[in-house]
Amino acid sequence: MGASCFQLLGVSLGLLGWVALVVATATNDWVLLCSYGFTACVRFEDMGSKGLWAQCISNNGIDHCKPFAEILALPVYIQVCRALMVVACVLGLPAILLASTGLKCIRLGEETASEKAQRVVAGGVMLILVGLCTLVATTWFPVGTHKESLKGVVNFGYSLFAGWVGTALAIVSGALLCCCSGSKEERYYAYPATASAAAAAAAASASNSNSTGPASHAKSSHV
């Protein structure tokens with residue numbers, strides 16, 4: 001019962017983490033840029049933002065975004081972070097679906113508990129890989145932006161916070177699914193069951209021999 005609850009918790013956390021990663025990938029408020037003091041930029045609504053796909057400038061509350069059209073002209077850190085986040089988003093949903101089919105409350109035909117446990121572990125490993133990919137991307141992007149804009153002020157945006165939350169949830173959910181797959185529980189209960197079955201078979205054979213012994217002896221005496 002405990003393993004089933006932890007598996008369900010792991011799948012739920014993985015789904016929430018995947019949604020947060022999709023939001024982080026699709027939005028452009030990864031870092032906030034300012035040419036002078038950050039407080040002054042907020043006061044005069046002269047704040048810029050930068051993400052994986054575009055760089056925006058806010059002037060008097062109006063955003064003007066310029067997409068990154070030339071892919072080969074982009075810095076290496078933007079290209080790598082793009083690829084890592086896209087791979088994480090593409091890999092996350094199949095990982096959640098795979099782990100969901102391995103839950104103990106879901107049956108797919110005539111399958112054994114070990115097969116379900118293998119799917120849960122596979123989904124957990126995929127979610128951990130998703131978390132590692134996004135961990136690299138969400139760490140490298142602000143560092144690369146800070147080195148690129150030495151004269152300005154760089155602050156974290158809500159998209160980056162969403163990416164960090166999604167990363168943490170993906171890693172935690174993957175660890176839960178790998179640790180609570182149910183394979184150990186199956187091993188623990190398999191040997192007692194086998195031993196009890198062998199003992200029952202031995203008792204049955206002994207009772208049969210005892211029941212047939214006197215009858216055969218009486219028959220031989222009669223002859």
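Basis for what follows: all heavy atoms, side chains included, without hydrogens, waters or symmetry-related copies.
- If you take OG on Ser49 and CG on Asn155, they are separated by 12.0 Å, rounding to the nearest 0.5 Å.
- Listed by first and then second residue, the side-chain hydrogen bond (donor to acceptor under 3.5 Å, both in side chains) pairs that reach into residues 83-97 come to none, sequence neighbours excluded.
- Judged by distance alone, with hydrogens and angles left aside, the side-chain atoms of Gln7 form no donor-acceptor pair with the main-chain N or O of Val120 at under 3.5 Å.
- Scored by the side-chain hydrogen bond (donor to acceptor under 3.5 Å, both in side chains) test, Thr101 finds Arg119 as partners (sequence neighbours excluded).
- Arg82 meets the salt bridge (Lys or Arg N to Asp or Glu O under 4.0 Å) test with no other residue; sequence neighbours excluded.
- Here CG of Leu8 is found 9.5 Å from CG of Leu13. Values are rounded to the nearest 0.5 Å.
- Annotation: disulfide bond (SG atoms under 2.5 Å apart) contacts of Cys56 (sequence neighbours excluded): Cys65.
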Using the side-chain contact (heavy atoms from CB on, under 4.5 Å) rule, take Asn28 and Gln55 through it: C-alpha gap first, then chi angles, then the decisive distance, then the call.
CA-CA 7 Å; Asn28 290 312; Gln55 183 170 352; over 6 Å; no
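- Using a 4.5 Å heavy-atom cutoff, the side chains of Val121 and Leu177 are not in contact.
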Step by step, would you call Ile96 with Trp18 a side-chain contact (heavy atoms from CB on, under 4.5 Å)?
CA-CA 9 Å; Ile96 296 170; Trp18 179 76; 3.7 Å; yes
Derivation of the side-chain contact (heavy atoms from CB on, under 4.5 Å) call for Ser159 and Val23
CA-CA 7 Å; Ser159 300; Val23 172; over 6 Å; no
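- Residues satisfying the side-chain contact (heavy atoms from CB on, under 4.5 Å) criterion with Val86, sequence neighbours excluded, are Trp53, Val90.
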Is there a side-chain contact (heavy atoms from CB on, under 4.5 Å) between Val125 and Cys178? Walk through the geometry before answering.
CA-CA 7 Å; Val125 171; Cys178 290; 3.9 Å; yes
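- Among residues two or more places apart in sequence or in another chain, the side-chain hydrogen bond (donor to acceptor under 3.5 Å, both in side chains) test is passed with Thr25 by none.
- With sequence neighbours excluded, the residues that form a side-chain contact (heavy atoms from CB on, under 4.5 Å) with Tyr158 are Thr27, Asp29.
- Partners of Pro75 under the side-chain contact (heavy atoms from CB on, under 4.5 Å) rule, at least two apart in sequence or in another chain, are Tyr77, Ile78, Glu148.
- Ile128 belongs to a hydrophobic cluster whose other members, connected by ILVMFWY side-chain contacts under 4.5 Å either directly or through intermediates, are Leu132.
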Would you give me the side-chain donor-acceptor pairs under 3.5 Å for residues 169-176, sequence neighbours excluded?
| from | atom 1 | to | atom 2 | distance (Å) |
| --- | --- | --- | --- | --- |
| Ser173 | OG | Leu169 | O | 2.9 |
| Ser173 | OG | Ala170 | O | 2.9 |

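- Under the rule for a side-chain contact (heavy atoms from CB on, under 4.5 Å), the partners of Val80 that lie at least two apart in sequence or sit in another chain are Val76, Leu84, Trp140.
- Not counting sequence neighbours, the partners of Trp30 by the ring pair (Phe, Tyr, Trp, His ring centres under 6.0 Å) test are Phe141.
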